[in-house]
Structure formats: C-alpha cells, structure tokens
Amino acid sequence: MIAFASTLRECEDELRSTLEEWILLGLKLGHSLPVIDNIDLNKQPTLEPMDTV
C-alpha cells in the first residue's frame, strides 16, 4: 500500500482506513484472516454454559 498526505499522521490515517476496508471486503468475500503470532481470529467462538457465569 502507499499513501500520500501532508503529514505522517495523515498518511497513517489513510493507510489504516484502506487496510480496514480491505479486511472488511475480504471478509464479505469469505476470505479468512491471516494467523499472526498464533492468534487465529477465524476460529468459531466457544460458548460457556450460563450456569458458569
């Protein structure tokens, strides 16, 4: 990715926005998220029984 802006902060904001849109589009298309540092956000959540809360 590349960004052009007047300040570093504006470049960071533009890149962050583009990355967020790219991730959302990928999820809508059914793509999985990459596993980073053994953190897998693609796993289905496990629900605990209500009596343990």
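As the structure is a prediction and not an experimental result, all values here were calculated from the model.
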*Mind checking the CD1-OG1 spacing from I2 to T18? Nearest 0.5 Å is all I need.*
11.5 Å

*What is the distance from atom CD1 of I39 to atom CG of L33, rounded to the nearest 0.5 Å?*
12.0 Å

*Applying side chain to side chain contact (heavy atoms under 4.5 Å, CB included), name anything that partners T7, two or more places apart in sequence or on another chain.*
R9, E10

*Are any of the side-chain nitrogens in D40 or K43 under 4.0 Å away from the carboxylate oxygens of its partner?*
no

_I want to check something: taking the side chain as every heavy atom from C-beta on, are V35 and L41 in contact at a cut-off of under 4.5 Å?_
no

